[in-house]
Amino acid sequence: MKNTGMNFRHLYYFWVVAKEGGITRASERLGLAVQTISTQLALLEQSLGKSLFSQQGRRLVLNESGELALAYADQIFMLGEQMQEALGDADSDKTRLTVGISDSLPKLTAFRLLEATTALARPVRLVCFENKFEALLGDLALHKLDLVLTDRPVRSGTTLRVFSHQLLESGTMVVGAPALAARYKAAFPANLNGAPFLLPTRNNDLRGKIDEWFEQQGVRPDVVGEFEDNALLNTFGRRGLGLFFATAALASEVKAQFGAVLIGHVPQVREQVYAISNERKIKHPGVEAILASGRQDGSKPA
């Protein structure tokens with residue numbers, strides 16, 4: 001068998017550059033100098049006797065050899081991660097499941113989906129990380145996560161080899177702390193004109209739908225707060241600092257956890273929940289349970 005002298009460290013740097021879409025982003029993720037990574041790529045190409053990237057303007061784009069090398073690198077590092085997990089699980093009575101949760105996703109929704117793992121024959125040890133959507137996708141592509149739960153699908157045309165699965169869909173409702181809700185419950189939704197509202201920031205997919213609904217209803221709310229983190233938004237809402245939108249399919253949970261009173265249903269403003277996964281040769285039972293739970297739950301008409 002021909003010995004190329006390939007160094008797996010060089011292959012790993014190539015893999016990260018391909019996943020991140022460039023040397024600069026790869027250097028930021030790895031905490032290394034751009035020149036260091038460029039040198040490692042050059043050494044890998046020298047050992048293989050093949051160029052792996054083509055220059056397009058200021059961008060590096062995988063060529064045909066690079067695409068083939070990436071496919072093999074995906075399998076090498078994916079299997080390495082799975083071997084490490086399997087050996088770690090062999091000394092434990094639990095299977096580790098690492099999930100990234102988008103900061104814009106309602107935590108009650110995340111809990112409902114993750115709860116499906118408690119029914120597995122072998123117990124699951126959940127490890128959950130919260131971050132922004134783009135950062136979680138990067139970690140998923142690098143196999144640092146088994147699954148990402150979020151409120152949006154991956155856009156078509158991405159270079160990341162990940163897959164979007166829609167799990168839930170639900171209408172929303174306007175709710176508020178009892179004292180505040182009592183002032184705005186009558187004549188919904190016209191009574192919301194001038195009402196204090198806590199809303200997601202504009203980079204949240206739901207915000208655009210809310211703004212469109214307000215415009216259709218001729219309502220001009222008093223936006224007293226905008227939040228990237230859904231949990232923080234709900235905390236302010238529970239304190240009575242503003243009305244807020246909540247998932248209609250979770251009405252009983254929202255009332256129990258936040259003491260929120262229903263003011264009116266908004267079926268036109270719909271929330272979607274997606275699970276983003278990468279391709280694995282060995283299926284994770286926890287991931288399969290979450291996907292199956294979403295398929296069984298289906299779309300909510302509320």
Side-chain angles (χ1 to χ4, degrees), residues 100-114 128-136 148-153 167-274 300 302:
I101 301 172
S102 175
D103 54 9
S104 58
L105 187 71
K107 302 307 175 283
L108 285 175
T109 301
F111 170 76
R112 170 178 282 190
L113 293 169
L114 294 174
C128 297
F129 295 94
E130 184 178 18
N131 209 331
K132 298 187 184 304
F133 179 69
E134 293 76 11
L136 293 175
V148 170
L149 297 179
T150 183
D151 59 349
R152 72 198 77 169
L167 300 183
L168 299 172
E169 182 176 357
S170 170
T172 57
M173 56 186 182
V174 175
V175 298
L180 185 61
R183 294 167 49 190
Y184 295 99
K185 197 164 185 179
F188 179 87
N191 60 326
L192 300 180
N193 203 41
F197 263 90
L198 307 168
L199 298 177
T201 51
R202 295 188 184 278
N203 61 344
N204 186 309
D205 279 7
L206 190 65
R207 176 60 184 273
K209 299 174 187 177
I210 291 173
D211 288 344
E212 184 179 357
W213 181 77
F214 278 140
E215 186 175 348
Q216 290 172 348
Q217 303 301 319
V219 169
R220 287 195 170 187
D222 176 17
V223 180
V224 296
E226 298 179 80
F227 302 84
E228 279 192 331
D229 186 346
N230 182 267
L232 185 59
L233 186 155
N234 289 337
T235 299
F236 273 70
R238 180 170 53 192
R239 295 291 185 178
L241 298 179
L243 306 177
F244 58 103
F245 284 77
T247 308
L250 300 175
S252 58
E253 291 95 329
V254 170
K255 181 178 181 180
Q257 184 166 339
F258 304 118
V261 174
L262 172 66
I263 297 173
H265 283 283
V266 188
Q268 304 95 319
V269 176
R270 305 193 70 76
E271 286 186 306
Q272 286 87 31
V273 180
Y274 293 85
K300 303 293 182 180

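F188 pairs by the ring-ring contact (aromatic ring centres under 6.0 Å, His included) definition with nothing, not counting sequence neighbours.
In this structure, A248 and S170 approach most closely via the heavy-atom pair N-OG, 3.6 Å. Scanning both residues, P196 and L180, for their nearest heavy atoms gives CG-CD1, 4.1 Å.
Side-chain contact check for I101 versus V148: every heavy-atom pair is 4.5 Å or farther apart. The closest side-chain heavy-atom distance from V175 to L243 is not below 4.5 Å. The shortest distance between side-chain heavy atoms of V174 and K185 does not fall below 4.5 Å. Considering only heavy atoms from C-beta on, L149 comes within 4.5 Å of L167 through its side chain. Counting heavy atoms from C-beta outward, L192 and P221 have side chains that stay 4.5 Å or more apart. Side-chain contact between T172 and E271 is present, with heavy atoms from C-beta onward closer than 4.5 Å. With a 4.5 Å cut-off on side-chain heavy atoms, V269 and L206 count as touching. Put simply, the side chain of L198 reaches to within 4.5 Å of the side chain of F227, judged on heavy atoms.
Residues F214 and F197 place their aromatic rings such that the two centres sit under 6.0 Å apart.
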Problem set entry | Verdict with reasoning, L199 to F244, per side-chain contact (heavy atoms from CB on, under 4.5 Å) | CA-CA 6 Å; L199 298 177; F244 58 103; over 6 Å; no
Problem set entry | Chi angles and distances behind the side-chain hydrogen bond (donor to acceptor under 3.5 Å, both in side chains) call for E228, N203 | CA-CA 8 Å; E228 279 192 331; N203 61 344; 3.1 Å; yes
For this session: Step by step, work out the side-chain hydrogen bond (donor to acceptor under 3.5 Å, both in side chains) result for S104 and N230.
Result: CA-CA 5 Å; S104 58; N230 182 267; over 6 Å; no
Problem set entry | Steps toward side-chain contact (heavy atoms from CB on, under 4.5 Å) verdict (L232, N234) | CA-CA 5 Å; L232 185 59; N234 289 337; over 6 Å; no
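The distance from the CG atom of L136 to the CG atom of N131 is 5.0 Å, given to the nearest 0.5 Å. Rounded to the nearest 0.5 angstrom, Q257 CD and L108 CG are separated by 4.5 Å. Here the straight-line distance linking atom CD1 of I263 with atom CZ of R183 works out to 10.5 Å at 0.5 Å rounding. Distance check: I210 CD1 to D205 CG gives 11.0 Å after rounding to the nearest 0.5 Å. With rounding to the nearest 0.5 Å, the separation of CG in L250 from OG1 in T109 is 4.5 Å. T247 OG1 to L168 CG: the interatomic distance, rounded to the nearest 0.5 Å, is 9.0 Å.
For R152 and Y274, the positive end is not near the middle of the six-membered ring at less than 6.0 Å and at most 45° from its axis.
Partner of S102 under the side chain to side chain contact (heavy atoms under 4.5 Å, CB included) criterion, chosen from V273, N204, T150: T150.
Within the structure, salt bridge (Lys or Arg N to Asp or Glu O under 4.0 Å) pairs that include any residue of residues 237-264 comprise R112-E253 (at least two apart or interchain). Here salt bridge (Lys or Arg N to Asp or Glu O under 4.0 Å) pairs that include residues 206-218, with residues two or more places apart or in two chains, are R202-D211, R207-D211, R207-E226.
In terms of modelled atom types and a separation under 3.5 Å, the side chain of T235 and the main chain of A231 share a donor-acceptor contact. Put simply, the side chain of N193 gets close to the backbone of R220: a donor and an acceptor are under 3.5 Å apart.
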